[in-house]
Each structure stands twice: as C-alpha cells, then as structure tokens.
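This one's a predicted model, so the numbers in the text were calculated from it and none came from an experiment. Both ligands and their constituent atoms are indexed starting at 1 by order of listing.
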Amino acid sequence: MPLPQEGYNPIVWRIQQMNERITRDKMESLYFYLQPAEAIDGAHVTIKGRKMLQFASYGYLDLLGHPKIQAASQQALAEFGSGTHGVRLLAGTTRLHIELEETIAQFKKSEAAVAFSSGYGTNLGVISALLGRNDMVFSDKLNHASIVDGCLLSRANIVRFNHNDMEDLACKLAEAPKKVGKLVVVDAVFSMDGDIINLPELIRLCKKYEAILMVDEAHSIGVLGETGHGIMEHFGIDDGIDIHMGTLSKTIPAIGGYIAGDAELITYLKHSVRAFIFSAALPPPAAAAAKTAFEVIEAEPERVKILQTNVDYFISGLQKRGFNTMNSETPIVPIIVGDDERALMMAKISQEQDIFVLPVLYPAVPQGSSRLRANVTAGHTLDEIEHAMNVFEQAGKEVGLL
Ligand SMILES: *Cc1c(COP(=O)(O)O)cnc(C)c1O
C-alpha cells in the first residue's frame with residue numbers, strides 16, 4: 001500500500017484511497033454494494049427493474065411482510081407514532097417495549113430481558129459496561145466486529161483464541177490469574193463461515209475456570225434447534241449461558257438487539273449500558289414487529305423445518321458440485337473461491353443471471369479465503385435453490401474454480 005507523501009494529511013489520504021478504489025471497481029463493473037432495491041419480498045429482490053433470486057438475506061424464516069407482524073407494526077404506528085423522542089430510561093419506554101422484553105425473556109427461558117435499538121450497539125455497550133480495566137475477555141478470533149469493538153472499548157485485557165478451538169481456549173483460561181474477572185464471548189453461528197460454536201465444551205470450560213459466558217445468537221435465533229429457539233435447543237442444553245445476546249434484525253424483521261439473562265444482570269445493564277442510557281428507544285413499530293415475530297416463530301414451527309430442509313439441500317448440492325463450503329451447517333454458506341478477483345467475477349456472473357449473491361473479500365475474511373457468501377432461507381423453493389446452484393456451478397467453471 002502506498003504511504004502518504006510528505007505534506008499529505010493522512011486523514012484526507014485515507015478518504016482518497018477509498019474513493020479511488022471504489023471508482024476503479026465501478027469502472028470494471030465489479031462494485032456490488034449499496035444497490036438500491038425497488039422491492040425486497042420473500043426470496044426475491046428487485047434491482048434496476050430486474051427481479052432477482054435473493055441469496056444475500058438474513059431473513060432466514062421469511063418473516064418480512066408476514067401479515068401478523070405487519071399488522072402489529074401498523075397498529076403500533078397508529079397508537080404511538082414513528083418514534084419516542086427519547087431514551088428508555090426517561091420518557092422513551094412504552095407498553096410495547098415492556099411486552100417485547102417479556103416475550104424475549106420467555107422465548108429464551110430467562111428471568112428477564114432488555115432490548116436495545118441496535119444489535120451492534122448491544123454488543124458494544126454491554127461488553128464495555130460489564131468489563132473493567134483489570135478484567136479479561138476471551139474472544140473467538142472470528143467473532144463479529146461488534147464484539148471485537150465492545151472488547152476494545154472495555155479496555156479489558158483481550159485474549160483472542162483460535163476459532164472454535166476449545167483446547168486453545170482452555171490453555172488461555174488456565175494461564176489467566178485466578179482473581180480477575182473473566183468473560184468468554186462468542187458467536188453461536190459465525191457470520192462469515194456459518195459454523196456453530198462448540199457450546200457443550202465451552203460451558204464446561206467456563207464453569208471450570210469461573211468465567212462468565214456470553215453468546216451472540218444473531219444467526220442462531222430461528223435457525224438452530226428443532227423449533228428455532230437457538231443454540232441451547234440445538235445441543236439439548238438447559239443451562240450454562242449467562243448472557244444471551246441476539247438481534248432483532250436478522251430472522252426478526254425489525255431492528256435492534258437484546259440481552260436475556262438473570263433479573264439482576266438485566267437491571268444492571270439497564271442502568272449502566274451507555275448504548276441504552278444515551279441512545280433513543282426502539283421505535284414502537286419496530287418493538288411491536290419484533291415481539292410479534294417471536295410469537296410467529298413459536299406459532300409456525302414448520303418454517304424452521306423448511307429452513308433446515310433447504311439448508312441441507314443447498315450445502316449437500318454445492319458439495320456434490322465440488323465446492324468447498326467449509327464447516328457450515330447453517331443457512332450462511334461460504335462458497336470458497338480463494339482470490340478476490342475470481343470471487344468478484346463469480347458474483348458478477350451470478351448477478352448477470354439474476355442470482356443476487358455477494359462476494360466477501362479480505363479483510364472481512366482471511367486472505368486467500370475470498371468467497372461468495374450465499375444465504376439460503378425458508379422463502380426459497382427447492383427448485384429455486386437448484387437453479388441457483390446450477391448458476392454457481394457454471395460461474396465456478398467459467399472462472400476455473402471447478
Ligand atoms: C448482524 C450482527 C450483529 C449486529 O446486529 P445489527 O442488529 O445488525 O446491528 C451482531 N452480531 C452478529 C454476530 C451479527 O451477525
């Protein structure tokens with residue numbers, strides 16, 4: 001990378017570098033980001049008048065536009081308006097916020113819950129509110145950026161362990177001084193690789209070393225477990241996660257994040273997380289939509305079944321075609337390509353054939369593991385999945401991957 005020249009302002013230089021890169025990508029028709037969609041419905045997205053099959057959505061259970069969720073949100077808009085003008089602690093708490101939190105607590109079989117207006121802000125605010133300067137936080141190397149940033153903001157001593165490597169974590173916990181506060185924080189389902197954390201071993205280690213365990217279920221709610229209740233249901237475990245974090249923006253078609261846990265933890269968070277105290281409340285229509293979405297997941301468990309069938313069909317079909325999908329066993333399926341250029345080309349070829357899939361490149365993923373990240377949902381039919389796989393196969397052959 002070129003260094004800033006003498007007399008250059010590094011801030012201006014940084015802005016210019018980014019702009020040059022984006023201009024270059026656009027000139028080569030290899031820029032895929034921020035495309036305005038005219039419609040996002042079910043398994044499709046319409047861009048520039050073209051209705052494309054959507055393989056870049058987190059709407060795992062196809063809940064966007066669900067009549068019950070839609071109605072609840074409209075009713076909340078009519079009753080409370082579009083926002084609260086305030087933070088939860090002061091004048092921003094409505095009946096809907098309380099009901100949402102009760103619903104989440106029930107769904108996660110916890111004593112209590114608290115909802116925040118962003119999932120990113122939840123991790124940032126909660127991790128930094130829990131930890132002090134002398135504490136230690138143990139974070140998986142592939143954890144989501146919001147966890148990484150929360151750890152950094154906390155000023156605690158950060159120990160990164162190898163991805164899903166429980167032996168490495170055990171060594172690092174064993175080396176830590178006995179008396180310091182320890183938090184272990186992980187994604188349940190990793191957002192780039194689609195693999196699942198080894199929760200049983202993680203719980204055993206946290207008990208042994210007296211560490212508090214926080215699990216981010218952004219891609220686990222509605223996805224894992226027979227009825228979509230998440231990673232504990234997946235492993236058939238009743239207890240052992242101290243802090244259940246999740247978002248209201250992936251399976252749940254709204255915005256926001258939450259923590260579920262013991263009542264004392266939730267009271268502490270409501271009075272200490274800066275993203276809660278100094279940031280406005282969830283808009284009532286979002287709170288109502290989120291609450292109703294949890295109820296729909298419970299009322300329509302067949303959606304989870306369809307999703308799981310689609311996931312199996314997609315992953316096994318890609319593997320049969322010769323693709324490397326790493327250890328994914330969830331709707332997030334990496335199709336490993338290797339270098340940036342071919343990943344970009346494959347995305348371009350796929351989009352030209354109306355399959356909306358996006359490339360993920362370094363530094364979002366380790367160098368040499370650039371990929372298409374394809375997300376399958378309950379909204380896809382098996383025929384649509386088959387068609388998409390055929391397009392990926394053709395694209396893979398065109399770039400010399402297969
Ligand atoms: C998306 C995501 C978040 C952030 O959630 P938002 O609601 O989009 O802010 C946090 N953690 C993980 C693992 C995520 O994938």
*Asks:* Between Ser350 and Met346 (side chain of the first, backbone of the second, donor and acceptor by atom type, cut-off under 3.5 Å), is there such a pair?
*Replies:*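 Confirmed, Ser350 side chain pairs with Met346 backbone.
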*Asks:* Around atom 8 (O) of ligand 1, find the nearest protein heavy atom and jot down its residue, atom name and distance.
*Replies:*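 For this ligand atom, the closest protein heavy atom is Ser249 OG, 3.4 Å.
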*Asks:* Taking the six-membered ring for Trp, is the centroid-to-centroid distance between Phe55 and Phe356 below 6.0 Å?
*Replies:*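 No, the ring centres sit 6.0 Å or more apart.
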*Asks:* Where do Ile315 and Phe323 land on the side-chain contact (heavy atoms from CB on, under 4.5 Å) test, with the steps shown first?
*Replies:* CA-CA 9 Å; Ile315 292 177; Phe323 285 114; over 6 Å; no
*Asks:* Name the option, out of Ser146, Gly121, Gly119, that contains the heavy atom nearest to atom 10 (C) of ligand 1.
*Replies:*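 Going through Ser146, Gly121, Gly119 one by one, Ser146 has the nearest heavy atom to atom 10 (C) of ligand 1.
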*Asks:* Has Gly256 got any heavy atom lying under 4.0 angstrom from an atom of ligand 1?
*Replies:* yes
*Asks:* Any idea which heavy atoms bring Gly49 and Glu38 closest together, and the distance?
*Replies:*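 So the minimum-distance heavy-atom pair works out to N-OE1, 2.7 Å.
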*Asks:* From the options Ile147, Ile252, Thr247, Ile332, select the one whose nearest heavy atom is closest to atom 5 (O) of ligand 1.
*Replies:* Thr247
*Asks:* Can you give me the closest heavy-atom contact between Val223 and Pro331, atom names plus distance?
*Replies:* CG1-CD, 3.3 Å
*Asks:* What's the shortest distance from atom 3 (C) of ligand 1 to any protein heavy atom, and which residue and atom give it?
*Replies:* His144 CE1, 3.4 Å
*Asks:* If you take all heavy atoms of Ala113 and Ile104, which pair is closest and at what distance?
*Replies:*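 Between these two residues, the closest heavy atoms are CB-CG2, 3.8 Å.
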*Asks:* Are Leu199 and Leu213 close enough that some pair of their side-chain heavy atoms sits under 4.5 Å apart?
*Replies:* yes
*Asks:* Within the 4.0 Å heavy-atom shell around His219, which atoms of ligand 1 are there?
*Replies:* 14 (C), 15 (O)
*Asks:* If you count the atoms of ligand 1 from 1 in the order shown, which ones are under 4.0 Å from a heavy atom of Asp187?
*Replies:*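 Under 4.0 Å from Asp187, ligand 1 has these atoms: 13 (C).
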*Asks:* Where is the nearest protein heavy atom to atom 1 (C) of ligand 1: which residue, which atom, and how far?
*Replies:*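 Protein heavy atom at minimum distance: Lys250 NZ, 1.5 Å.
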*Asks:* Tell me whether Tyr120 has any N or O atom under 3.5 angstrom from an N or O of ligand 1.
*Replies:*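 Yes, at least one N or O pair falls under 3.5 Å.
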*Asks:* May I ask you to identify the nearest protein heavy atom to atom 11 (N) of ligand 1, giving residue, atom name and distance to one decimal place in Å?
*Replies:*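 Here the closest protein heavy atom is Asp216 OD2, 2.6 Å.
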